[in-house]
Amino acid sequence: MLRRIIERHSKIDPLSDTEIQIIRGATKLFLQQGFSKTTIREISKETGIGLGTITYYYRTKEDLLKLLIEELMEFHFDIIEEAIEKTNDNIFSCAFEVAVQIALCENDSKAWDLYYSAYSHPSIFEFIKDWAAKKNYHLLKDNFPDMTEDDFRRIENVSSGIELAAFLSPCSRYFTLDEKISLFLESIMKIFNVQEDKRREIVDKVLALDYQKTAGEIFERFINKVYSSFKNTSV
C-alpha cells in the first residue's frame with residue numbers, strides 16, 4: 001500500500017522521507033482508533049514530526065485520508081475481480097462487493113467512520129464517484145452495451161448518494177441488515193435497468209452468503225496489507 005502511494009507520486013512529485021513518515025503514522029492511527037478521533041497533534045506525537053511541518057505538507061487530515069481511501073478503493077477492485085474469477089458474473093460480483101462494504105460499516109464502528117468520513121468530504125467523495133464510475137464501466141460495459149462511460153458517471157452521481165444514505169441509516173429490529181442490503185441492491189440495479197428476475201437472483205445469492213463474516217475477513221486483509229507495506233518500505 002505505502003509502496004504504491006510512493007510509486008504513484010513519484011511520477012509527478014516524489015514524496016520526501018518526511019511525507020512518507022507522516023502518511024505511515026496517520027494511516028496507523030486512522031485504522032487503530034478511527035479517523036474522527038485522530039488529530040493532527042496525535043499524528044505529530046506518533047511520528048515525532050512537528051505540527052507545522054505536518055500541515056506544511058498536508059493542510060488537513062482529510063488530505064491524508066484521501067491517500068488511504070485511494071488504496072482502499074484499489075483493494076475493493078481486487079475483491080471484485082476475485083469474485084468474478086469464482087462466479088463469472090460481473091453484476092453479482094459488483095453487488096457482493098457493495099454488500100460487504102455496507103455490512104462492514106454496520107458491524108465495525110472504525111470502518112464506518114473511515115467510509116463515512118470519506119463520503120462526507122467533498123473532494124474525497126468526488127474521487128470515489130470518479131473511481132466507481134470508471135470501475136463500473138470497465139467491469140459492466142459488456143453487460144450494458146448501450147451505455148457510454150458518461151452514462152455510468154451520471155448513474156454514479158445517484159448511486160453514491162444512495163450508498164451514503166445506507167451508511168447514515170443504522171439497522172434495527174425494524175430495519176435489518178438483510179433488508180438494507182436488499183433495498184440498496186434493488187435500487188441500484190433498477191437504475192441500470194437490470195431485469196427483475198436477475199435482480200431477485202442476485203439479491204438472493206448475496207443474502208445466502210455469510211457476507212458479514214466475509215466483510216470482517218476482507219477488512220482484516222486490507223489492514224494486514226497496510227501494515228505489511230509499512231514493514232517492507234524503508235524511509
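Worth knowing before you read on, the calculation uses all heavy atoms, side chains too, and leaves out hydrogens, waters and symmetry mates. Numbering starts at 1 and runs along the sequence shown.
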For the residue pair [X] and [Y], establish whether any side-chain heavy-atom pair is separated by less than 4.5 Å.
X	Y	answer
Ile40	Tyr58	no
Glu46	Gln32	no
Phe152	Glu156	no
Phe192	Asn143	no
Ile218	Thr214	yes
Ser16	Tyr57	yes
Arg200	Ser182	yes
Arg221	Phe75	yes

Is there a donor-acceptor pair closer than 3.5 Å between any side-chain N or O of [X] and the backbone N or O of [Y]?
X	Y	answer
Asn136	Ala132	yes
Asn90	Leu139	yes
Thr27	Arg24	no
Ser93	Asp89	yes

For the [atom1] atom of [X] and the [atom2] atom of [Y], what is their distance to the nearest 0.5 Å?
X	Y	atom1	atom2	result
Ile124	Asp63	CD1	CG	8.0 Å
Asp150	Tyr137	CG	OH	9.5 Å
Leu72	His76	CG	NE2	4.0 Å
Leu31	Leu114	CG	CG	6.5 Å
Phe219	Gln101	CZ	CD	10.5 Å
Tyr115	Leu164	OH	CG	14.0 Å

Mark yes when over 12 heavy atoms from residues, nucleotides or ligands other than [X] sit less than 6.0 Å from its [atom1]; otherwise mark no.
X	atom1	value
Lys28	NZ	no
Lys205	NZ	yes
Lys198	NZ	yes
Arg59	CZ	no
Asp204	CG	yes

Run the salt bridge (Lys or Arg N to Asp or Glu O under 4.0 Å) check on Lys66 and Glu70 step by step: do they pass? CA-CA 6 Å; Lys66 184 174 183 293; Glu70 287 174 358; 2.6 Å; yes

When you look at Leu177 and Gln212, which way does the side chain to side chain contact (heavy atoms under 4.5 Å, CB included) test go after all the steps? CA-CA 9 Å; Leu177 185 55; Gln212 296 192 64; 3.6 Å; yes

I'd like to check the salt bridge (charged side-chain N to carboxylate O under 4.0 Å, His left out) partners of Glu106; sequence neighbours left out, ordered by chain and number.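 Checked Glu106 against salt bridge (charged side-chain N to carboxylate O under 4.0 Å, His left out); matches are Lys180.
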
For [Y], is there an ion pair with [X] - N to carboxylate O distance below 4.0 angstrom?
X	Y	answer
Asp130	Lys134	yes
Lys129	Glu126	yes
Glu149	Arg153	yes

Would Lys61 and Phe35 count as a cation-pi pair here, with the cationic atom under 6.0 angstrom from the ring centre and within 45° of the axis?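 The answer is yes; both the distance and angle limits are met.
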
Derivation and outcome, side chain to side chain contact (heavy atoms under 4.5 Å, CB included), residues Leu65 and His121: CA-CA 10 Å; Leu65 174 63; His121 190 268; 5.8 Å; no

Of all the heavy-atom pairs spanning [X] and [Y], show the shortest one and how long it is.
X	Y	result
Thr38	Gln33	OG1-NE2, 3.2 Å
Lys190	Arg199	CE-NH2, 3.5 Å
Ser169	Ala165	OG-O, 2.9 Å
Ile49	Ser44	O-OG, 2.5 Å
Ser160	Tyr119	O-CE2, 4.0 Å
Phe127	Met73	CE2-CG, 4.0 Å

Step-by-step side chain to side chain contact (heavy atoms under 4.5 Å, CB included) determination, Ile23 to Leu15: CA-CA 10 Å; Ile23 293 168; Leu15 293 172; 3.9 Å; yes

Residues in ring pair (Phe, Tyr, Trp, His ring centres under 6.0 Å) contact with Phe175, at least two apart in sequence or another chain: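 Partners of Phe175 by the ring pair (Phe, Tyr, Trp, His ring centres under 6.0 Å) criterion come out as none, since no residue qualifies.
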
Group every Ile, Leu, Val, Met, Phe, Trp and Tyr by side-chain heavy-atom contacts under 4.5 Å, then state whether Leu183 and Leu168 land in the same group.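 The answer is no; the residues belong to distinct hydrophobic clusters.
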
Do Thr148 and Asp151 have side-chain N/O donor and acceptor atoms under 3.5 Å apart?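 There is such a pair between these side chains.
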
Partners meeting side chain to side chain donor-acceptor pair (under 3.5 Å) with Ser36 (sequence neighbours left out):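 Applying side chain to side chain donor-acceptor pair (under 3.5 Å) to Ser36 gives Asp113.
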
Show the numbers, then the answer: is there a side chain to side chain contact (heavy atoms under 4.5 Å, CB included) between Phe96 and Thr87? CA-CA 11 Å; Phe96 174 70; Thr87 66; over 6 Å; no

